[in-house]
Amino acid sequence: MTLLIKNALTYIDGKFEKSDVLIKDDVIHCLGVFVSQNNLDRIIDAEGKYLIPGFADVHVHLREPGFSYKETIKTGTLAGARAGYNVLCTMPNLDPPPDCADNLKVQTDIISRDAVIDVLPFGTITKGRRGVGELVDFEELADGVIGFSDDGCGVQTDALMEEAMKRCAALGKIISAHCEVNELLKGGYIHDGEYCKKHNHKGICSESEWAQIKRDCELAEKTGCRYHVCHISTKESVEIIREAKSRGIPVTCETGPHYLTLCDEDLQEDGRFKMNPPLRSKEDMQALIEGVLDGTVDVIATDHAPHSAEEKAKGLEKSAMGIVGLETAFSVLYTKLVKTGVITLEKLIDMMSVRPREIFGIDGGEIKKGAPANLALLDLDKKWRVNPDEFLSMGRATPFKDWELCGQNVLTLLRGEIVYEAL
């Protein structure tokens, strides 16, 4: 298809400038101002809208194979496309877990059949994704995965993680680590803060997260492994990563929209406020924002984690851990951080579109001649209210229910093909 997108405010070299974008087949053919409109299949007038490299989420749960009653590759990628994502990196909390080539193929066969945008799977670090025991055959899996993670479990012993890092470093692969010390959890399920104490809940201490990050940064320095930290939530985590970066350790990290806009003071006795790691204190939230501002935090990823309505209807104590996030991420962050002047729109696009691709080696992070036409078009004037019943995801649990938001994606392209449109 030959498509001309006219008059868009286009993200070029880190800033927005007005430009037409001509797309032929699957690539950006050229930029500029086009007068001739011959031999085009379609023209889209994007006056007043913002054309960006499509979002890339390096931390999602699509639940298939094994848990298709929560989400499927089809529904999750439809939700992603709607939100402006054209690539999702899916975590290995699956049955069977992708801990060998045969198990990985079960997942990639479904992706090939059903995905409407690109899906890049993580392989597990340990067999069975248990965080203990035996490491996977990294070499067997390396060509088929974006990286390695035991997301949902922290790797519990120093020796096991060091050996995993050595093997991944030799293959040039990244480890994306869920950091959690099991012996420090003690049955907790929300942050060990004031709300927890006031309402007689069991708390998860901050050290359960940051202690393992500290260990892993030391191991990354020792082994040279590229090390990415999943969903950081504490002020100590920010400081440890900041200090590690200052020493040249190859560490990057992500946080989620909920950790930047909510804290434990916002908790309600409702499963849609329960996730792992939990919402921390206001001080932790502010430290994360400061980490975004100074570049310590590289990426904003959703940790989109759908569950059934029944699994999320059991309150803070008994509900499953996890919330959905794809269809609210940009709008929440634009409304709460950009419109309030905390960060710029350019910074937000960098953290949601460009930097994830740079870290994980994913194409499509630039709008330039010859680049793949993996694009999204944002209408920043669009106002809407979060109604989970209208989600394309099968998951409905979101702490942002009923929030009034600004900004929404209206067009998603994957290699020049329209995969979502609401113009």
Side-chain angles (χ1 to χ4, degrees), residues 10-16 50-60 80 83-91 117-120 122 146-147 149 151 172-177 213 217 220 225-233 237-238 241-242 244-246 248-261 287-304 325-326 329-334 337-338 342-368 371-372 374-376 378 407 409 412:
T10 304
Y11 187 85
I12 302 171
D13 294 330
K15 61 183 185 297
F16 286 98
Y50 290 72
L51 187 67
I52 64 165
F55 299 130
D57 195 335
V58 297
H59 193 133
V60 301
Y85 292 90
N86 41 45
V87 59
L88 304 176
C89 300
T90 185
M91 288 295 170
I117 56 177
D118 287 340
V119 176
L120 306 176
F122 279 94
I146 192 67
S149 179
D151 187 54
K173 301 299 287 190
I174 195 167
I175 280 184
S176 190
I213 295 174
C217 285
C225 180
R226 289 189 300 131
Y227 172 63
H228 182 79
V229 192
C230 295
H231 46 46
I232 67 169
S233 66
S237 300
V238 176
I241 294 165
R242 181 182 288 123
K245 286 187 171 191
S246 75
I249 298 173
V251 56
T252 55
C253 70
E254 69 192 46
T255 194
H258 39 294
Y259 303 120
L260 294 168
T261 58
L288 290 166
I289 292 171
E290 291 170 3
V292 166
L293 292 171
D294 70 13
T296 300
V297 180
D298 300 271
V299 168
I300 300 174
T302 64
D303 194 7
H304 177 83
L326 287 169
F330 171 75
S331 302
V332 165
L333 294 164
Y334 176 70
L337 297 184
V338 176
V342 177
I343 64 172
T344 65
L345 178 60
E346 290 84 352
K347 175 71 170 177
L348 183 56
I349 301 309
D350 181 68
M351 296 186 74
M352 293 184 68
S353 299
V354 180
R355 193 76 179 108
R357 287 183 166 87
E358 290 175 345
I359 292 169
F360 286 87
I362 303 168
D363 289 339
E366 295 180 278
I367 299 180
K368 65 179 183 179
N374 295 338
L375 307 172
L378 307 176
N409 176 64
T412 308

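Values reported hereafter were calculated over all heavy atoms of this structure, with side chains retained and with hydrogens, waters and symmetry mates removed.
- No side-chain heavy atom of L88 sits under 4.5 Å from any side-chain heavy atom of L120.
- Note that the CD1 atom of I249 and the SG atom of C225 stand 12.0 Å from one another [nearest 0.5 Å].
- In this structure, CD1 on I359 lies 9.0 Å from CZ on R226, to the nearest 0.5 angstrom.
- Aromatic ring centres of H59 and F122 lie farther apart than the 6.0 Å criterion allows.
- Two residues are said to be in side-chain contact when any heavy atoms from C-beta on lie closer than 4.5 Å; L326 and Y85 meet this criterion.
- For the atom pair NZ of K347 and CZ of R355, the computed distance is 9.0 Å after rounding to the nearest 0.5 Å.
- A ring-centre distance under 6.0 Å is found for F330 and F55.
- Of all the heavy atoms in A301 and V58, the pair that sits closest is CB-CG2, 4.2 Å.
- We find the OG1-CD distance between T252 and E358 to be 11.0 Å, quoted to the nearest 0.5 Å.
- The distance from the OG1 atom of T296 to the CD atom of E290 is 9.5 Å, given to the nearest 0.5 Å.
- Considering only heavy atoms from C-beta on, V354 comes within 4.5 Å of Y11 through its side chain.
- In plain terms, the two heavy atoms of S237 and I232 that are nearest each other are CB-CB, 4.1 Å.
- In summary, D294 and R242 engage in a salt bridge, as defined by a charged side-chain N under 4.0 Å from a carboxylate O.
- Side-chain contact between P53 and N374: absent, with no pair of heavy atoms (C-beta onward) separated by less than 4.5 Å.
- For the pair L348 and L337, the minimum side-chain heavy-atom distance is 4.5 Å or more.
- Between the CZ atom in F360 and the CD1 atom in I174 there is a gap of 4.0 Å [rounded to 0.5 Å].
- With a 4.5 Å cut-off on side-chain heavy atoms, L260 and T255 count as touching.
- With hydrogens and angles left out, the side-chain atoms of S353 and D350 include no donor and acceptor closer than 3.5 Å.
- In terms of heavy-atom proximity, L51 sits nearest to I367 at O-CD1, 3.6 Å.
- A donor-acceptor pair shorter than 3.5 Å cannot be found between the side chains of D151 and S149.
- With contacts defined as side-chain heavy-atom distances shorter than 4.5 Å, the pair M351/L333 does not qualify.
- For H231 and E254, the side-chain atoms include no donor-acceptor pair closer than 3.5 Å.
- Judged by distance alone, the side chains of D57 and T302 do bring a donor and an acceptor atom under 3.5 Å apart.
- Residues V338 and V342 have side chains not in contact (no heavy-atom distance under 4.5 Å, counting atoms from C-beta outward).
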